[in-house]
Amino acid sequence: LITEYDAAAGVLKVSGQVQTVKGKTARKGKTKSTAGVRYVPLTPRQQGMVTQHLARLSEERKRLGVEWKEHGLLFPSACGTPMIPRNLNRHYYQTREKAGIQHYTLHALRHTAATAMDTVKATPAQQRAIMGHSPGDVTESYIHPPIEELYKVLLAAEDVQLRWAA
């Protein structure tokens with residue numbers, strides 16, 4: 001929700017999700033688990049992107065007038081309603097194609113984020129807090145270490161083993 005973005009603190013609260021059930025798309029006021037409700041700090045770059053996005057939403061509201069159906073969503077459809085997941089995917093694929101990015105699903109971006117956090121040595125607790133996973137949940141299955149990182153680990157492990165054998 002727009003009201004859950006605290007621009008002064010640079011924090012976004014995630015408190016619900018949009019789902020389509022029996023052909024009806026609506027925002028649910030809850031997440032899959034209690035861990036899904038979380039506060040996510042945004043980098044200065046991300047804050048700038050949200051600020052630009054909010055300005056575009058404001059312009060769109062004014063442009064559409066009574067055609068805009070306000071739901072208070074931070075990421076609504078083109079007319080303000082909850083975005084149908086299929087349309088979100090379509091928009092993502094079009095944007096990805098324009099950017100010249102290879103085939104990655106929208107969900108694969110979560111894996112990319114988890115891998116990046118692991119690469120910079122984020123703790124499992126930090127990763128779970130950002131991604132909204134419960135303790136003992138699937139976070140580790142989202143991590144796909146780059147080959148360069150695996151190489152560094154193997155070099156370090158080999159060095160330890162050689163010292164042990166000496």
Open item on the list: Side-chain heavy atoms nearer than 4.5 Å, only ILVMFWY residues, links allowed to pass through others: does that put Val40 and Val11 together?
Closed with: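 No, because Val40 and Val11 fall into different hydrophobic clusters, even though each may have its own neighbours under 4.5 Å.
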Can you sort out the partners of [X] under side-chain hydrogen bond (donor to acceptor under 3.5 Å, both in side chains), two or more places apart, ordered by chain and number?
X     : answer
Thr20 : Thr25
Thr43 : Gln46
Ser58 : none

- [ ] Return each pair, listed once, that meets side-chain hydrogen bond (donor to acceptor under 3.5 Å, both in side chains) where at least one residue sits in residues 3-14; pairs must be two or more places apart or across chains.
- [x] Glu4-Ser15
TODO: Quick one: closest heavy-atom pair of Ala129 and Arg38, and the distance?
DONE: O-CD, 3.1 Å
Task: Closest contact, heavy atoms only, Tyr92 versus Leu109 - done: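 Taking every non-hydrogen atom into account, CE1-CD1, 3.7 Å.
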Task: From Thr105 atom OG1 to His111 atom NE2, the distance as rounded to the nearest 0.5 Å - done: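 If I round to the nearest 0.5 Å, the distance is 7.0 Å.
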Task: Value rounded to 0.5 Å, distance of CD in Gln47 from CG in Leu12 - done: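 If I round to the nearest 0.5 Å, the distance is 10.5 Å.
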Open item on the list: Run the salt bridge (Lys or Arg N to Asp or Glu O under 4.0 Å) test against Arg63 and tell me which residues pass, sequence neighbours left out.
Closed with: Glu60
TODO: Please indicate whether His91 has more than 12 foreign heavy atoms, meaning atoms of other residues, nucleotides or ligands, lying under 6.0 Å from its NE2.
DONE: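 Not more than 12 within 6.0 Å, no.
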Task: salt bridge (Lys or Arg N to Asp or Glu O under 4.0 Å) pairs, two or more places apart, involving residues 89-101 - done: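 Every pair satisfying salt bridge (Lys or Arg N to Asp or Glu O under 4.0 Å) with a residue in residues 89-101: there are none.
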Task: Pairwise side-chain contact, Leu106 with Leu88, heavy-atom cut-off 4.5 Å (strictly under) - done: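 Side chain of Leu106 against side chain of Leu88, heavy atoms only: contact under 4.5 Å found.
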Open item on the list: Does Met131 form a side-chain contact (heavy atoms from CB on, under 4.5 Å) with Arg110? I'd like the steps, not just the answer.
Closed with: CA-CA 8 Å; Met131 297 188 68; Arg110 288 180 59 81; 3.9 Å; yes
TODO: Would you please name every residue forming a side-chain contact (heavy atoms from CB on, under 4.5 Å) with Ala116, sequence neighbours left out?
DONE: none
- [ ] Applying ring-ring contact (aromatic ring centres under 6.0 Å, His included), name anything that partners His103, two or more places apart in sequence or on another chain.
- [x]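 With sequence neighbours excluded, His103 shows a ring-ring contact (aromatic ring centres under 6.0 Å, His included) to no residue whatsoever.
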Cut-off 3.5 Å, no hydrogens considered: what does the side-chain donor-acceptor table look like for residues 66-86, sequence neighbours left out?
{"from": "Trp68", "atom 1": "NE1", "to": "Glu70", "atom 2": "OE1", "distance (Å)": "2.9"}
{"from": "Lys69", "atom 1": "NZ", "to": "Val66", "atom 2": "O", "distance (Å)": "3.3"}
{"from": "Glu70", "atom 1": "OE1", "to": "Arg61", "atom 2": "NE", "distance (Å)": "2.6"}
{"from": "Glu70", "atom 1": "OE2", "to": "Gly72", "atom 2": "N", "distance (Å)": "2.7"}
{"from": "His71", "atom 1": "ND1", "to": "Lys69", "atom 2": "O", "distance (Å)": "2.9"}
{"from": "His71", "atom 1": "ND1", "to": "Gly80", "atom 2": "O", "distance (Å)": "3.4"}
{"from": "Ser77", "atom 1": "OG", "to": "Cys79", "atom 2": "N", "distance (Å)": "3.3"}
{"from": "Ser77", "atom 1": "OG", "to": "Thr81", "atom 2": "N", "distance (Å)": "3.2"}
{"from": "Ser77", "atom 1": "OG", "to": "Thr81", "atom 2": "O", "distance (Å)": "3.2"}
{"from": "Ser77", "atom 1": "OG", "to": "Thr81", "atom 2": "OG1", "distance (Å)": "2.7"}

